[in-house]
Structure formats: structure tokens, C-alpha cells
Amino acid sequence: MTVFRTSMRNFFAHKGRMALSAVAVLLSVAFVSGTLVFTDTMNTTFDKLFAATSSDVTVSPKAAKGGDETPQTGRPESLPASVVETVRTADGVKSAEGAVSSMSVTVVNADNKNVGATSGAPTIAGNWTRNDLRSMEITSGHAPRGPTEVMVDADTAEKHHLAIGDELRTIAVTGDFRAKISGIATFTVTNPGATVVFFDTATSQRELLGGTGRFTHVNVTAAEGVSDSRLKRDVAAALGGGPYKLQTQQEAADANRADVGSFLDVMKYAMLGFAGIAFLVGIFLIVNTFSMLVAQRTREIGLMRALGSSRRQVNRSVLLEAVLLGVFGSVAGVAAGVGLAVGLMKLMSSMGMELSTQDLTVKWTTPAIGLVLGVVVTVVSAYVPARRAGKISPMAALRDAGTPADGRAGWVRAVIGLLLTGAGGAALLMAARADEAGEGSVFLGAGVVCTLVGFVVIGPLLAGGLVRVLSAVVLRMFGPVGRMAERNALRNPRRTGATGAALMIGLALVACLSVVGSSMVASATDELDKSVGADFIVQSDNGQPIMPQAQAALEKAPDIAHVTEYKWVDVKLTAPDGKTESDGIVAADPTYAQDLRRETVAGELSAAYGKDAMSVGDAYAKKHGVEVGDRMSVVFPGGRSAELTVAAITSDDTNVDKGAMYTNITTAQRYVPADKMPKNMIMFAAAEDGKEKEAYAALKDSLAAYPQYTVQNQTDFKQDLKDQIGQLLNIVYGLLALAIIVAVLGVVNTLALSVVERTREIGLLRAIGLSRRQLRRMIRLESVVIALFGALLGLGLGMGWGTSAQKLLALEGLGVLEIPWPTILTVFVASAFVGLFAALVPAFRAGRMNVLNAIATE
């Protein structure tokens with residue numbers, strides 16, 4: 001009980017000094033809790049939506065693809081209307097209704113602007129059915145009654161300022177058609193952002209499926225007292241087998257959830273990974289805080305020992321303070337995490353993915369995980385300082401505050417650090433020289449961990465040398481104040497090393513990712529320059545196939561030498577060794593050999609576009625022993641098979657179309673039924689000599705009516721690639737910002753506690769003539785050199801990681817190493833400003849000290 005009271009007294013006596021450590025725990029726990037609440041809320045949202053939109057039993061074609069995948073044919077799989085009548089006769093069926101649904105559409109308004117979601121959510125078109133009343137209600141106007149009417153969801157209408165009477169144009173595989181808005185339907189559950197339009201049944205069948213008498217699925221409602229599982233069995237019996245897929249409401253919801261769940265899991269674990277980095281950085285802050293508190297309370301602890309407190313009691317007293325810090329920080333962190341989740345939901349809503357706070361989900365496991373994680377991390381971080389406190393002898397009551405450093409422990413630490421750093425460096429070198437990606441990735445992971453831990457351990461040793469070098473460059477110009485700042489930073493190398501290491505971790509990851517990202521862009525640009533011969537690339541910005549009417553417009557554009565079709569056809573291949581695999585073959589025009597320059601290891605690529613000919617990649621050829629002249633059995637969509645002759649073997653030493661097999665598009669058309677033939681997912685074009693500008697403008701004009709497609713020349717394509725990687729890196733940098741914020745708190749905390757520790761010294765300096773301005777400058781300069789020390793370690797370490805990672809990725813074709821020096825230098829200079837910012841409050845408090853009171857401090 002005495003230990004508990006002592007811990008409580010000490011905790012609240014030093015609550016100001018504990019505050020920043022508590023904030024570090026709060027931020028880390030908030031990130032974990034916020035991630036869990038956010039992803040749980042998204043799961044709840046989708047669960048409610050899928051449960052509401054799924055009928056008791058759904059009948060669909062067995063070949064239909066689930067989720068939001070757009071069929072390559074542009075026309076979804078369908079079943080005959082007679083299936084609806086058959087299902088209605090089954091036992092236990094209350095009603096059966098045919099439905100049409102397609103995501104291979106683009107809807108534009110009167111200004112030719114795409115009204116689809118910008119968040120990646122699909123645009124869904126179909127007929128209005130009774131099943132839709134489970135999740136929507138008509139709040140304005142009426143359901144469509146003919147081919148000239150369409151109904152839209154309320155979210156889309158509000159976002160794009162649509163009203164009843166406005167005209168929409170729908171672009172589908174069968175052509176474009178126009179309809180005026182007759183009604184607006186509002187979701188009764190949260191719509192995560194999809195754009196939904198409804199037509200009458202006949203129009204949906206004709207325009208989306210290409211003919212009447214077909215449906216994409218059948219919604220079946222159970223009679224009173226009939227379970228979904230029993231209804232499924234009865235419907236299956238009525239259908240008597242056949243190419244149909246039957247799902248209960250729960251099965252359909254689970255299947256849809258699985259499609260979304262993979263994305264949510266990736267996002268969840270990625271965010272938790274960054275939270276883990278923040279926790280790791282927070283450990284340094286907490287260790288520093290307790291180490292300095294223990295050092296500052298040396299006489300107090302010595303008196304406790306002299307009065308009879310055992311080592312175990314002192315140890316437990318410090319650990320109890322850590323428990324209190326962890327509890328307070330974790331409780332506040334869980335609450336802040338809920339607020340963070342709400343903020344993320346608002347952010348996603350502003351980006352087009354609507355998430356309602358009514359679905360906010362806080363499971364009991366979330367606060368439990370946050371509390372346990374925060375307390376455990378805090379206690380583990382305080383364990384070493386607590387042991388050090390327990391070793392303080394009663395004689396320490398007679399000495400000044402502070403404990404002498406253990407020289408032997410310092411040498412042991414240096415040796416261990418050097419060994420770890422050396423082992424990590426060797427592992428990174430082996431990763432860079434690896435011949436296989438799997439083997440190299442193991443060495444890379446080991447190298448990253450060993451060098452990180454090694455730098456942390458060896459930090460105090462590095463601090464002595466690097467701080468002197470940095471001070472010579474940065475601080476000496478400030479005269480005596482700069483020299484005092486240097487000596488203060490060098491006074492306790494262990495403390496400086498730990499503070500710099502906290503900043504080092506975040507900046508190392510920033511530097512590593514910058515090197516990898518820049519190298520990816522440079523490698524891809526180099527590959528495009530060497531291999532892509534096409535002047536223009538045409539593709540959709542949302543994964544939609546290129547519709548026939550858009551393709552026709554492209555082919556009519558003036559000043560174009562040729563337009564190349566490019567179709568990906570799913571096939572089953574049987575190699576000469578008798579092994580059959582499901583794969584894909586690229587069916588393209590012969591001009592594709594000009595649009596993409598591919599090296600061959602055998603044969604001529606132009607011959608692969610001959611009659612009943614094809615090419616294979618060299619990896620496939622080695623695996624199956626394929627040689628030029630061999631015959632391959634190819635089963636195309638629709639079941640027709642062909643014997644194609646291997647006319648060329650292409651090199652897989654490329655990033656573009658790596659491993660691709662080619663055949664002439666006319667060959668594929670001979671064996672694939674017209675309704676099974678995939679649409680072009682991408683097309684290429686070449687301008688007539690000297691007319692590149694005119695051709696570029698002509699292609700853009702030809703697709704002006706189809707805003708879902710973009711025309712890019714090679715410069716555009718490279719810039720788009722750079723922007724995509726840049727956006728991804730910016731997201732990662734934003735997540736790493738949490739770890740850097742925690743590291744900055746560590747600098748602030750170290751300086752604040754250091755000011756308290758040096759109160760008497762500061763008073764004496766002021767007494768002999770140091771002005772307040774000079775004092776504040778000294779503390780700011782000390783902070784700057786510590787921040788630059790951490791930045792130098794982090795950026796150097798990160799560039800080493802990034803270089804090894806790039807050498808490993810070179811096995812996959814990313815062969816160009818590019819160090820983004822502007823980014824590296826910007827981060828290094830920014831670290832100095834971070835140091836200045838971190839020192840503002842400690843420097844201000846030091847400047848306000850009363851000189852006489854400071855001198856009188858024990």
C-alpha cells in the first residue's frame with residue numbers, strides 16, 4: 001500500500017513532466033483504436049447493405065463473376081427468362097422476380113460529365129424491382145415506365161445537382177441511349193458511394209444485355225415459415241441442376257463481403273503497421289522520460305533506500321508510475337481513436353465514399369486492445385529505468401542528482417551495436433546481390449531489422465562524433481552560445497542517441513520509400529522509352545472496357561497511321577509436355593509488334609501474328625520445354641479449341657507485358673463466339689509522320705463524347721505513372737507523420753526535462769551575464785543539432801535500405817537506381833526547423849526562470 005501511495009504521489013508531483021509521454025501513448029493508442037473503429041464501421045456498413053440488397057435466395061449464372069468486377073465483354077452473364085417461371089413453381093416460393101444488373105456502363109449528364117463515383121465505387125444500372133424496396137424508397141417522382149425514363153439514387157442526384165426532368169446519357173456495350181429522370185430513390189441503409197440508375201425491365205434487357213427475355217439473376221422470396229436453406233434446396237430441385245449458382249441471403253452477403261473484405265483487411269493492417277511504428281518511436285520517448293526522472297530523483301530515491309525501502313519496492317514504485325501513465329494515456333487514446341475514426345469517415349465522405357456515423361461500431365475488443373497495448377508498451381519501456389532506480393544505493397542521498405554512467409556497460413553496448421550494424425550491413429549487401437527475389441527478401445528483412453536495432457544501440461557512440469561534426473558546420477558560427485549548445489548535446493550521449501533514434505526511425509522509412517518510389521518511376525520511364533513505340537495510349541480511368549462506339553470513333557480520327565486493338569482472352573493451354581493451365585493470351589492486331597518492341601529469344605514476333613500462330617514467354621517455354629514450331633492446344637471462351645503453332649519465344653526481361661503470349665486478333669475471332677469476345681481494355685495508336693500534335697488533338701476530339709476514356713501520349717503516361725506513385729507515397733508519408741510527431745514530442749520532452757535538470761546551471765549562467773535571448777538560442781540550437789543528428793542517421797539508413805530494395809527489385813525489371821536528392825535534402829533541412837519548433841516551449845520556459853530561485857534550487 002505504501003508503494004502505491006508513493007507512486008501516486010510521485011506521479012502527480014511530476015505530472016507536467018509526464019504529460020508529453022502521455023501524449024505519445026495517447027497518439028499511438030488513438031491510431032490503433034481509430035483504425036479498428038473505422039474498419040469495423042466500414043464492415044458494419046457493407047454488412048447492412050449486402051443484407052438489405054440480397055433476396056432470400058438468389059439464382060444467377062454459374063459463370064457470373066462476383067463482386068464489382070466488370071466483365072471484359074461489357075455484357076454481364078445472363079440466364080433465360082424461362083428460369084424465372086421455373087423458380088416460381090418450386091415449393092416454398094412466395095415470389096420470384098427477374099432482375100438485370102450491369103456495372104459495364106457510364107452515365108453522363110447534360111454537360112457530358114461522368115456522374116459515376118470518383119472513389120472507385122461502381123456505377124450500377126438495372127431494372128427497378130420489389131427487392132430494391134428492401135434497401136431503397138422512392139422519395140421523389142416515380143419509377144421508370146418506359147424507354148425514355150430513368151431513376152437515380154438520391155446521393156448521386158445531390159452530388160451532381162440532378163433533378164426530375166434532367167436528361168442522362170447511358171453508355172453501354174450496345175450503344176448510347178438517353179432518358180430523363182422520372183424519380184429519385186433514397187437508400188434506407190448507407191450507400192458507400194455507388195452510383196445507381198434504374199430503367200424499366202424491357203429497356204434494361206435491351207440496352208444492357210443486348211436483347212429481351214434475359215436476366216442477370218432471379219430474386220426469390222420464401223413463403224411463410226420456409227427457411228432460406230430449405231428454399232435453396234427446393235429451388236435447386238425445381239431447376240434440376242444446370243449452369244446456375246444458388247445463394248441464400250447469408251451466402252450472397254458473405255460472398256460480397258469477402259470481395260470488399262480483402263481491401264479492408266489490407267487497409268486495416270497497413271494502418272496498424274504504421275501505428276506499430278508510432279509505438280516503437282513512443283518507446284524511446286517513455287524510456288527517456290523515466291530515465292531522466294530517475295536521474296533527477298537520485299537523492300530522493302537514495303533517501304527512500306536509507307529509510308528502509310528495498311530495491312524491489314523502488315522498482316515497483318517506478319513501474320506503478322508507468323502503469324498510471326499507460327492507463328491515463330490509453331483511456332484518452334481510445335476516446336481520441338473514436339474521434340479519429342469519425343474524422344476518417346468524414347474524409348472518406350468528402351472523397352465520395354459515403355459513411356454514416358449512425359453505423360459507428362465500437363466493439364468491446366477495441367478499448368480492451370487499446371488499454372492493454374498502451375499499458376504493456378509503457379511498462380516495458382519503463383522497465384530498464386525502473387531497474388536502474390532499484391540499483392540506487394542509500395549513499396546517493398549524499399550526492400547531487402544524477403547517476404554516473406556505467407563505462408563498462410557503454411563499451412558492451414558499443415560492441416553489440418557494431419556487431420548488429422555489421423551483420424545488418426552484410427545482410428543488405430547479400431540482398432542486393434541475390435539471384436532470386438524470395439531469397440533476397442529474407443536478407444533484406446534481416447538487414448533492415450539488424451541495422452535499425454544496431455543504430456539504436458550504437459546511437460550514443462555515434463552521437464559523440466556526428467554531433468561534433470554537425471556542430472562544427474551549424475553551431476560554431478553562433479560563438480560561445482553555439483559551443484555551449486554543442487556541449488549540452490554531448491553531455492549525455494545516451495540521451496541524445498535515444499532522442500535522435502526516435503526521429504531516425506520515421507525518417508529512415510521516408511528515405512527508403514523515396515528511393516524505391518523514385519527508382520520505380522525512373523525504371524518504368526526507361527522501360528517505356530526502350531519498348532513502347534506507340535504514340536498514344538487509350539484506356540478507361542475506371543477499368544471499363546472500351547465500348548464499340550468509342551472504338552469506332554477512334555478509328556475514324558484523322559492523321560492516324562494505325563489503331564491497335566488489344567484484348568485479353570482467358571484460355572486453357574496444353575503445352576507439348578501434356579500439362580494444362582488456365583492462362584490468358586493477348587489477341588492483338590499485328591501492328592502491336594510496332595507499338596511494343598519485344599525482344600525474342602527464338603523466332604520472329606511478327607510470325608506470331610500469322611494464321612493459327614502464337615508466341616510464348618521464355619519462362620513458360622523453359623518450364624514446359626516449348627520450342628519454336630511446337631503445337632499448343634488452346635481452349636478459347638465458348639469451349640472451342642484450336643491447335644496454334646509457336647512462332648516466337650519472347651524475352652521476359654521486361655516490365656511491360658511480362659510473360660504475355662500473343663496471337664492475331666483474327667485468330668481469336670475465329671474460335672471465340674461474338675458474344676464471348678472480350679472488348680478492348682486498352683488501345684494504341686500511332687500518328688502519321690510529322691502529325692503527332694494534330695493526331696493527339698484529333699483523338700481527344702473523337703473521344704470527347706466519352707469522358708470515361710483518356711488519351712495519353714508517352715509524356716502524359718509517364719507523368720500519370722509518376723503522379724500515381726507520388727500519391728501513394730504521400731499517403732504513406734501522411735501515415736508516417738504520426739511517428740514523426742511522436743518523435744518531435746520526444747525532442748520536446750527531452751529538452752523540457754533537461755531544462756528542469758539544469759535549473760541551477762541556467763541560473764548561474766544568467767547570473768554571470770547570459771541574456772534571456774542567448775539562453776533561448778542555446779536551447780534552440782541544442783534542439784536543432786539533436787534533430788539533425790536523428791535526420792542524418794535516418795536518411796543515411798533509409799537510403800541504404802532503399803538501395804538494397806531497388807537492387808532486389810531489379811530482378812523484377814526495376815533496374816534503374818535513382819536517389820531523390822531534392823527530397824532527401826529537403827527533409828534534412830526541414831529537420832532543422834522541426835528542431836527549432838520542438839525547442840520553442842522549453843526555451844520560453846527557461847527564459848522565464850527567476851535567476852535567484854534557479855540558483856537556490858537543489
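What you see is a predicted model, and the numbers here were worked out from it, not measured in a lab.
Of the possible polar contacts, one joining the N680 side chain to the Y566 backbone as a donor-acceptor pair under 3.5 Å is found. Although no hydrogens or angles enter the test, the distance criterion places a donor-acceptor pair under 3.5 Å between the side chain of R214 and the main chain of S78. Not a single donor-acceptor pair under 3.5 Å links the side chain of R257 to the backbone N or O of F46. E149 contributes a side-chain N or O that, together with a main-chain N or O of R145, makes up a donor-acceptor pair within less than 3.5 Å. Looking only at distances, no side-chain donor or acceptor of R670 sits under 3.5 Å from a matching main-chain atom of K611. When atom types are taken as modelled, the side chain of S615 and the backbone of Y662 share a donor-acceptor pair closer than 3.5 angstrom. Listed for the K572 side chain is no donor-acceptor partner under 3.5 Å among the backbone atoms of V635. At distances below 3.5 Å, not a single donor-acceptor pair connects side-chain atoms of D535 with backbone N or O atoms of A686. No donor-acceptor distance shorter than 3.5 angstrom exists from the side chain of T73 to the backbone of M677, with no hydrogens or angles considered. Under a 3.5 Å cut-off, the side chain of D111 and the backbone N or O of K113 do not form any donor-acceptor pair.
How far OG of S60 is from CG of L79: 7.5 Å, rounded to the nearest 0.5 Å. The distance from atom CG of L703 to atom CD of Q551, rounded to the nearest 0.5 Å, is 11.0 Å. One distance of note links OG1 of T645 with CE of M632; it measures 11.0 Å at 0.5 Å rounding. F717 CZ to Q539 CD: the interatomic distance, rounded to the nearest 0.5 Å, is 5.5 Å. Remark: R206 CZ to F199 CZ distance equals 10.5 Å, nearest 0.5 Å. Distance check, rounded to the nearest 0.5 Å: CD1 of I537 to CG of D716 gives 9.5 Å.
A donor atom on one side chain and an acceptor atom on the other are found under 3.5 Å apart for T564 and T591. Under the 3.5 Å distance criterion, with hydrogens and angles disregarded, no donor-acceptor pair is assigned to the side chains of N131 and S55. R169 and N112 share a donor-acceptor pair across their side chains, judged by distance under 3.5 Å alone. Between the side chains of Q727 and D723, no donor-acceptor pair of N or O atoms lies under 3.5 Å. Judged by distance alone, the side chains of H161 and D166 never bring a donor and an acceptor atom under 3.5 Å apart. Of the N and O atoms on the side chains of Y620 and D583, not one donor lies less than 3.5 Å from an acceptor on the other residue.
Two residues are said to be in side-chain contact when any heavy atoms from C-beta on lie closer than 4.5 Å; E694 and P558 fail this criterion. Residues F215 and Q205 meet the side-chain proximity criterion, which asks for heavy atoms closer than 4.5 Å. Between V220 and D56 there is no side-chain heavy-atom pair separated by less than 4.5 Å. Side-chain contact between V173 and S104 is absent, with no heavy atoms from C-beta onward closer than 4.5 Å. Contact check for D589 versus K567: no side-chain heavy atoms found under the 4.5 Å cut-off. Residues E565 and E555 meet the side-chain proximity criterion, which asks for heavy atoms closer than 4.5 Å. Looking at heavy atoms from C-beta onward, M136 lies in side-chain contact with F187 at the 4.5 angstrom threshold. Contact check for E527 versus T654: side-chain heavy atoms found under the 4.5 Å cut-off.
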Applying side chain to side chain contact (heavy atoms under 4.5 Å, CB included) to N219 and R130, what does each step give before you reach the verdict?
CA-CA 9 Å; N219 295 317; R130 288 190 300 273; over 6 Å; no
### Working for side chain to side chain contact (heavy atoms under 4.5 Å, CB included), residues T174 and R75
CA-CA 9 Å; T174 57; R75 185 181 287 112; 3.9 Å; yes
Quick one: do D228 and Q250 satisfy side chain to side chain donor-acceptor pair (under 3.5 Å)? Show the steps, please. CA-CA 9 Å; D228 289 357; Q250 188 62 49; over 6 Å; no
Practice task
Tell me, with the steps shown, if Y696 and K700 meet side chain to side chain contact (heavy atoms under 4.5 Å, CB included).
Solution key: CA-CA 6 Å; Y696 187 38; K700 282 184 173 291; 3.3 Å; yes
- Message: Before you tell me yes or no, could you show the steps for E77 and K676 under salt bridge (Lys or Arg N to Asp or Glu O under 4.0 Å), namely the whole-Å CA-CA distance, both residues' side-chain angles and the distance that decides it to 0.1 Å?
- Response: CA-CA 10 Å; E77 297 289 340; K676 299 289 184 181; 3.7 Å; yes
Exercise for the section: Might you work through the side chain to side chain contact (heavy atoms under 4.5 Å, CB included) test for T106 and Y706, ending with a clear yes or no? Expected result: CA-CA 9 Å; T106 301; Y706 305 98; over 6 Å; no
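For the residue pair T86 and T89, the shortest heavy atom distance occurs at O-OG1, 2.6 Å. Closest approach of G584 and W568 over heavy atoms only: CA-CZ2, 3.3 Å. In plain terms, the two heavy atoms of I164 and S182 that are nearest each other are CD1-O, 4.1 Å. Smallest separation of non-hydrogen atoms from G98 and N127: O-ND2, 3.4 Å. Summarising the geometry of V196 relative to T156, their closest heavy-atom pair is N-OG1, 4.3 Å, with the distance given to 0.1 Å. Between P637 and P673, the closest heavy-atom pair is O-CD, 3.3 Å.
The aromatic rings of F198 and W128 sit perpendicular to each other, their planes meeting at more than 60°, with 30° as the lower class boundary.
For E158, the CD atom sits in a loose shell: 12 or fewer heavy atoms of surrounding residues, nucleotides or ligands are nearer than 6.0 Å. K658 NZ: more than 12 foreign heavy atoms inside a 6.0 Å radius. Within 6.0 Å of the NZ atom in K722, the count of heavy atoms belonging to other residues, nucleotides or ligands does not exceed 12.
For R88 and E97, the salt-bridge test fails: no basic side-chain N is under 4.0 Å from an acidic carboxylate O.
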